[in-house]
Amino acid sequence: DGMAEAIQTIKAADAGISGITDLLQQAKALVTAARSATASEAANLSAQFDEVMGQIDSLAADSGYKGINLLAADTLTVEFNEDATSFLEVAGFDATTGGADIPIAQGGLDFGDSGVLDTATTEIDAALTELRSQSKTLSSNLSVVTSREEFTTNMINTLQEGADKLTLADMNEEGANMLMLQTRQALGTTALALSSQAAQA
């Protein structure tokens, strides 16, 4: 059950990364559009850029599952056996735009300044690269947990089958035993009747 819940937590984080990646692509498109925009258009694009950054932070905050959010730098510990001697720790990261992992400057940036646009493009590209790297790590961890879940399910089935062999009766064998006992009882009853008749004679 713990492994199944861990899989859902990792999937939630991966879905968050996909959403943030899409938003970063939108932000990059705004920066590109600002290179050929008028002053008023650039100001409008800068405001839209800040709105997208806010949506990224909200999406990162909403990517948790059962109190664990890998996009908020939480750590997920997945136990693989009953005494927790075999486990996997899945480390999260800070997916907010103001965090250390994908820092992106925002807040009324001057999109009329080509230097600001160059910096924004560089930061977005770096953030996209970081997200791809984190997504690969999560995918690897998901594969490990999924494999262990399948192994554990197969092991449970094996143990249950073994337990059944120890406790369940063989119906053919028990049926033959019952027939033998019934026949023995019938023969015993007949023998007793014959013996009684001989005694009476």
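- In this structure, the side chain of T129 engages the main chain of D125 through a donor-acceptor pair within 3.5 Å.
- Residues R35 and T121 form a side-chain contact, since some pair of their non-hydrogen atoms from C-beta on lies under 4.5 Å apart.
- Side-chain atoms of S139 do not come within 3.5 Å of backbone N or O of S135 as any donor-acceptor pair.
- Looking at L24 and I104, their side chains come closer than 4.5 Å, going by heavy atoms from C-beta outward.
- In this structure a side-chain-to-backbone donor-acceptor pair under 3.5 Å is missing from D94 to I102.
- Cluster annotation: L159 and F151 are assigned to the same hydrophobic cluster (Ile/Leu/Val/Met/Phe/Trp/Tyr, side-chain heavy-atom contacts under 4.5 Å, transitive).
- Around CE of M178, the count of heavy atoms belonging to other residues, nucleotides or ligands within 6.0 Å does not exceed 12.
- L117 has its side chain out of reach of D113: every pair of non-hydrogen atoms, C-beta onward, lies at least 4.5 Å apart.
- Within a 6.0 Å sphere centred on CG of D1, other residues, nucleotides and ligands contribute 12 heavy atoms or fewer.
- Side-chain N or O atoms of N81 include one that pairs as donor or acceptor with a backbone N or O of T85 at under 3.5 Å.
- Here the rule is side-chain hydrogen bond (donor to acceptor under 3.5 Å, both in side chains) with Q106, and of D57, D50, T97 only T97 fits it.
- For the side-chain contact (heavy atoms from CB on, under 4.5 Å) criterion with V90, the lone passing option out of T77, V144, L138 is L138.
- Each of V78 and Y65 belongs to its own hydrophobic cluster when Ile, Leu, Val, Met, Phe, Trp and Tyr are linked at side-chain heavy-atom distances under 4.5 angstrom.
- Under the 4.0 Å criterion applied to side-chain N and carboxylate O atoms, D14 and K136 are not assigned as salt-bridge partners.
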